[in-house]
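Keep in mind the model is a prediction, meaning the values are calculated, not measured.
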Amino acid sequence: MADILTPALGESVTEATIAKWTKKVGDAVKKDELLVELETDKVSLEVVAPADGVLGAINAAEGDTVVPGTVLGSVTEGGAAAAPAAAPAKAAKGEAKAAAAAAASSIDITVPVMGESVAEGSMGKWLKKSGEAVKKDELLVEIETDKVAVEVSAPADGVLTIAADEGATVTPGQKIGSVSGSGAAAAAPAAAPAPAAAPANSGSAQVSKNETLSPAVQRVVAENNLDPKAISATGPKGNITKGDAIAAIGAAAAAPAPAAAPSAPRALAPREERVKMTRLRQTIARRLKESQNTAAQLTTFNEVDMTNVMALRAQYKEVFEKRHGVKLGFMSFFTKAVVAALQEIPAVNAEIDGTDIIYKNHYDIGVAVGTDKGLVVPVLRDADTLSLAGIEKGIGALGKAARDGDLTMDQLQGGTFTITNGGTYGSLMSTPILNAPQSGILGMHNIVQRPMAINGEVKIRPMMYLALSYDHRIVDGKEAVTFLVRIKELLEDPQRALLDL
């Protein structure tokens with residue numbers, strides 16, 4: 001008998017809740033098969049079967065709270081697990097001979113590794129049906145995870161057999177289908193040229209190209225009326241990625257609009273669509289609401305004249321990029337200013353733990369990054385020790401990892417303060433929500449030319465609103481205002497940082 005144990009839950013996570021059992025007592029299980037899902041305040045975890053056998057007992061029901069090392073249940077090892085294998089054979093008597101011949105030369109299609117800390121995905125729409133001929137490296141299906149979409153291609157020429165339906169939850173290494181390399185594979189493609197001989201030049205070419213697109217790309221193409229032939233492909237196999245399609249939207253918007261054609265009658269379609277929230281979106285929603293309910297959140301505002309920072313950046317950006325191999329942006333200036341302000345006002349770099357206040361003597365700055373899947377906040381470690389170039393390189397690497405779905409749990413934990421830049425999307429002002437358990441978050445916004453009174457004269461200056469949301473339980477209003485003023489001073493007069501003033 002093998003016990004099913006609660007695994008380690010991650011840094012600072014002491015308990016989890018049983019979300020769902022996928023098997024019942026008495027069901028046959030296989031080693032590494034998903035048995036139970038655990039939910040923590042940071043991430044969802046999966047517990048798999050420790051051995052082949054039968055699920056003998058469930059000790060923790062759905063909704064129960066467990067800690068690392070808790071025995072969730074047990075698997076009775078033995079020959080009983082082999083019993084379910086007889087069911088498929090009995091259900092397929094008429095096809096036994098054909099299946100045996102195909103299996104002798106078939107190649108399994110398995111779920112690839114989907115990135116570090118990604119334990120499962122959801123099957124998208126198959127681009128081919130069971131029994132259809134496929135060619136090696138032809139795109140077959142796209143698997144969606146909470147961080148990235150993974151494309152699965154045919155491992156060889158042959159005939160496709162599908163083993164996992166659209167919407168099914170799958171794990172790395174799981175078999176989702178197979179390709180038969182028997183003579184049936186050659187027969188199916190041979191019949192294909194006959195219908196192709198029909199005179200359908202541009203239309204048929206358009207259809208065939210769309211069939212090679214992944215579901216995510218097809219959706220972007222269809223919603224924005226894009227021509228796949230006009231999209232530059234940068235995928236690893238020459239295929240069009242979702243990023244290529246999104247980039248083509250901007251190019252299409254820049255082109256002159258054609259003359260308006262008579263509008264066709266609006267097609268009838270569902271007025272609503274229900275889509276299940278991804279695990280990442282569920283976690284974001286839960287944590288933001290918990291932050292609102294726990295902290296005494298308050299936001300204070302100020303504005304900063306960006307004239308001097310913009311002039312300094314314009315003067316040195318080319319030399320900076322040649323010297324350090326990275327562009328000089330505004331985030332490095334803001335990060336430097338934030339670190340200096342945190343050193344002066346330590347309460348903003350602290351957190352509450354019960355009846356204690358923990359003051360942090362390190363400066364690990366979280367940088368909010370928007371991705372296709374949702375908002376993530378990777379952490380730039382020891383920002384106080386980094387130069388402007390080091391900050392730009394670090395933020396650039398974290399942003400790329402976030403968009404590619406390659407962030408690790410370690411990169412998402414342990415921040416002491418967060419910066420979010422809504423200005424990149426055109427935001428003029430906002431009240432950001434705290435990233436618990438932190439006590440402060442700085443919101444940057446759009447730079448707008450506005451008339452300002454300078455020494456008795458009205459002048460046009462590039463201005464940015466700053467917003468500091470803080471936990472009023474440990475940060476007083478005076479400290480919050482002083483913190484923002486300190487950042488304003490360092491940005492409006494960057495030389496102060498060099499002189500440590």
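- Shown here are the side chain to side chain donor-acceptor pair (under 3.5 Å) partners of Ser332, two or more places apart in sequence or in another chain: Glu392.
- Atom CG of Asn293 sits in a crowded spot, with more than 12 heavy atoms from other residues, nucleotides or ligands closer than 6.0 Å.
- With sequence neighbours excluded, the residues that form a side chain to side chain donor-acceptor pair (under 3.5 Å) with Thr299 are Ser469.
- A donor-acceptor contact shorter than 3.5 Å links the side chain of Asp227 to the backbone of Lys229.
- Residues Asp3 and Ser74 share a closest heavy-atom pair of OD1-CB, 4.0 Å.
- Side chains of Leu72 and Val36 form a contact here, defined as non-hydrogen atoms less than 4.5 Å apart.
- Side-chain atoms of Val75 and Val54, non-hydrogen and from C-beta on, never get closer than 4.5 Å to each other.
- Contact record, Pro228 with Val221: CG-CG1, 4.1 Å, taken as the closest heavy-atom pair.
- You'll find the side chain of Gln292 stays beyond 4.5 Å of the side chain of Leu288, heavy atoms only.
- Listed here is the closest heavy atom pair of Ala350 and Tyr359: CB-CD2, 3.8 Å.
- Sorted by first and then second residue, the pairs that involve residues 19-29 and meet salt bridge (Lys or Arg N to Asp or Glu O under 4.0 Å), not counting sequence neighbours, are Lys23-Glu33.
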Output, in order, the C-alpha distance, side-chain angles, deciding distance and verdict of side chain to side chain contact (heavy atoms under 4.5 Å, CB included) for Ile419 and Thr335. CA-CA 8 Å; Ile419 301 176; Thr335 303; 4.0 Å; yes

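- Residues meeting the side chain to side chain donor-acceptor pair (under 3.5 Å) test with Asn421, sequence neighbours left out: none.
- Taking CD1 of Ile352 as the start and CD1 of Ile357 as the end, the distance is 6.0 Å to the nearest 0.5 Å.
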Check the pair Asp471, Leu434 against side chain to side chain contact (heavy atoms under 4.5 Å, CB included), reporting the backbone distance first and the verdict last. CA-CA 8 Å; Asp471 190 344; Leu434 289 175; 3.9 Å; yes

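- Judged by distance alone, with hydrogens and angles left aside, the side-chain atoms of Trp21 form no donor-acceptor pair with the main-chain N or O of Glu37 at under 3.5 Å.
- Under the 4.5 Å side-chain criterion, counting only non-hydrogen atoms from C-beta, Val379 is not in contact with Leu412.
- For Phe334, the ring pair (Phe, Tyr, Trp, His ring centres under 6.0 Å) test picks out no residue, with sequence neighbours left out.
- For Ser291 and Gln297, the side-chain atoms include at least one donor-acceptor pair closer than 3.5 Å.
- With sequence neighbours excluded, the residues satisfying side-chain contact (heavy atoms from CB on, under 4.5 Å) with Asp384 are Val339, Gln343, Tyr363, Asp382.
- Residues passing the side-chain contact (heavy atoms from CB on, under 4.5 Å) test with Ser427 are Ser430, His445, sequence neighbours excluded.
- Every residue meeting the side-chain contact (heavy atoms from CB on, under 4.5 Å) condition with Val367, not counting sequence neighbours, appears here in chain and number order: Met331, Ile395.
- No donor-acceptor pair closer than 3.5 Å links the side chain of Thr416 to the backbone N or O of Lys360.
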Side chain to side chain contact (heavy atoms under 4.5 Å, CB included) between Met123 and Val141: does it pass, once the steps are laid out? CA-CA 7 Å; Met123 294 293 296; Val141 67; 3.8 Å; yes

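- One N or O on the side chain of Asp52 and one on the backbone of Lys31 form a donor-acceptor pair closer than 3.5 Å.
- Here Ala154 pairs with Val134, Leu140 under the side-chain contact (heavy atoms from CB on, under 4.5 Å) rule; sequence neighbours left out.
- A heavy-atom distance below 4.5 Å is found between the side chains of Pro378 and Val376.
- Among residues two or more places apart in sequence or in another chain, the ring pair (Phe, Tyr, Trp, His ring centres under 6.0 Å) test is passed with His472 by Tyr470.
- Using a 4.5 Å heavy-atom threshold, the side chains of Asn59 and Val71 count as touching.
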Under 3.5 Å, which donor-acceptor pairs link side chains of residues 164-178 to any protein atom two or more places apart or in another chain?
residue	atom	partner	partner atom	Å
Gln174	OE1	Thr171	N	3.2
Lys175	NZ	Asp108	OD1	3.4

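- Across Leu442 and Phe417, no two heavy atoms sit closer than the pair N-CZ, 3.6 Å.
- Interatomic distance, OG1 of Thr418 versus CG of Asn435, reported as 4.0 Å (0.5 Å rounding).
- In this structure a side-chain-to-backbone donor-acceptor pair under 3.5 Å is missing from Thr17 to Val66.
- Nearest approach of Pro7 to Leu38, heavy atoms of both residues: CD-CD1, 4.0 Å.
- At least one side-chain heavy atom of Pro155 sits under 4.5 Å from a side-chain heavy atom of Val179.
- To the nearest 0.5 Å, the span separating CG on Leu34 from CD on Glu120 amounts to 6.5 Å.
- Rounded to the nearest 0.5 Å, atoms CD1 (Ile365) and CG (Leu398) are 12.0 Å apart.
- Taking CG of Leu160 as the reference point, atom CD1 of Ile162 lies at 5.0 Å (rounded to 0.5 Å).
- Under the side chain to side chain donor-acceptor pair (under 3.5 Å) criterion, Lys30 pairs with no residue at all, not counting sequence neighbours.
- The shortest distance between side-chain heavy atoms of Val159 and Glu132 does not fall below 4.5 Å.
- Ile4 CD1 to Leu55 CG: the interatomic distance, rounded to the nearest 0.5 Å, is 5.5 Å.
- The heavy-atom pair separating Ser439 from Ala347 by the smallest distance is OG-O, 3.1 Å.
- Of the listed residues (Val47, Ile58, Thr65, Asp64), just one forms a side chain to side chain contact (heavy atoms under 4.5 Å, CB included) with Ile18, and that residue is Asp64.
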